[in-house]
Amino acid sequence: MDIKGLIKKAVSSACIYFTLICAGYMLCMVFITTGDESPAIEANRVLLFFVFSALCALADAIRNIKAIPAIAGAIAHFAIYLFGFYACFMLPVNMRPSNVLTGLIIFSIVYWIYYVAKLFFKTRLRINREASAKYNDQFKKKK
């Protein structure tokens with residue numbers, strides 16, 4: 001893939017991540033907020049959401065570069081996601097170190113469960129696709 005295509009894919013990925021993060025945050029705020037208050041996202045939080053989205057898109061772009069070995073891409077992907085989560089969600093809240101560690105461990109567990117499940121389903125899909133491509137219909141009418 002050329003650089004221009006890689007940048008376009010990264011920007012569109014960042015926009016999708018940003019939209020999902022903002023929508024998820026607003027949905028949580030609707031359920032948490034009570035009374036006459038209307039849920040709103042603060043400007044600094046929106047900026048942090050965008051930074052996290054851009055880091056996620058960068059991590060995805062790095063993982064998809066064919067010149068990088070798969071394990072190195074996976075490690076870089078995880079490291080960038082972990083750094084983004086820490087810098088954009090945990091650092092601005094001034095949490096205690098024990099809470100930060102707990103949050104990073106929970107994030108890591110959720111990340112690896114998602115990553116392994118995604119790899120499993122991609123592998124199953126590839127296997128099924130290859131099996132159906134090898135299938136030769138013996139009773140197909142010849143033209």
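FYI, the numbering just counts along the sequence from 1.
- In this structure, CZ on Arg45 lies 11.0 Å from SG on Cys22, to the nearest 0.5 angstrom.
- Two residues are said to be in side-chain contact when any heavy atoms from C-beta on lie closer than 4.5 Å; Tyr86 and Tyr81 fail this criterion.
- Between Phe85 and Phe107, the ring planes lie parallel to each other; the angle is under 30°, not in the 30° to 60° tilted range.
- The aromatic rings of Phe52 and Phe89 stand perpendicular to each other, their planes meeting at an angle above 60°, with 30° marking the opposite boundary.
- Considering CD1 of Ile113 and OG of Ser108, their distance stands at 11.0 Å, rounded to 0.5 Å.
- Placement of Tyr114 and Leu104 in two distinct hydrophobic clusters is found when ILVMFWY residues are connected by side-chain heavy-atom separations under 4.5 Å, directly or transitively.
- With rounding to the nearest 0.5 angstrom, the CD1 atom of Ile75 is 13.0 Å from the CG atom of Leu82.
- Cluster annotation: Phe78 and Ile62 are assigned to distinct hydrophobic clusters (Ile/Leu/Val/Met/Phe/Trp/Tyr, side-chain heavy-atom contacts under 4.5 Å, transitive).
- Side-chain atoms of Asn64 come within 3.5 Å of backbone N or O of Asp60 as a donor-acceptor pair.
- No single ILVMFWY cluster, assembled from side-chain heavy atoms under 4.5 Å apart, contains both Met95 and Leu48.
- Cluster annotation: Phe83 and Leu101 are assigned to distinct hydrophobic clusters (Ile/Leu/Val/Met/Phe/Trp/Tyr, side-chain heavy-atom contacts under 4.5 Å, transitive).
- A donor-acceptor contact shorter than 3.5 Å is absent between the side chain of Ser13 and the backbone of Ala57.
- Residue Ile80 holds its CD1 atom at 11.0 Å from CZ of Arg63, rounded to the nearest 0.5 Å.
- With a 6.0 Å radius and a threshold of 12 heavy atoms from other residues, nucleotides or ligands, Ile71 has its CD1 atom at or below the threshold.
- Taking OG of Ser12 as the reference point, atom CD1 of Ile7 lies at 12.0 Å (rounded to 0.5 Å).
- In this structure, Tyr115 and Trp112 have perpendicular ring planes: the angle between them is above 60°, well past the 30° mark.
- Of the inter-residue distances, the one linking Cys88 atom SG with Leu55 atom CG reads 5.5 Å to the nearest 0.5 angstrom.
- Side-chain heavy atoms closer than 4.5 Å link hydrophobic residues (I, L, V, M, F, W, Y) into clusters, and following such links, possibly through other members, connects Tyr111 to Leu91.
- Minimum interatomic distance between Pro92 and Ala87 (heavy atoms only, all atoms of both residues): CD-O, 3.4 Å.
- Residues Ile21 and Phe50 are not in side-chain contact: their nearest non-hydrogen atoms beyond the backbone lie 4.5 Å or more apart.
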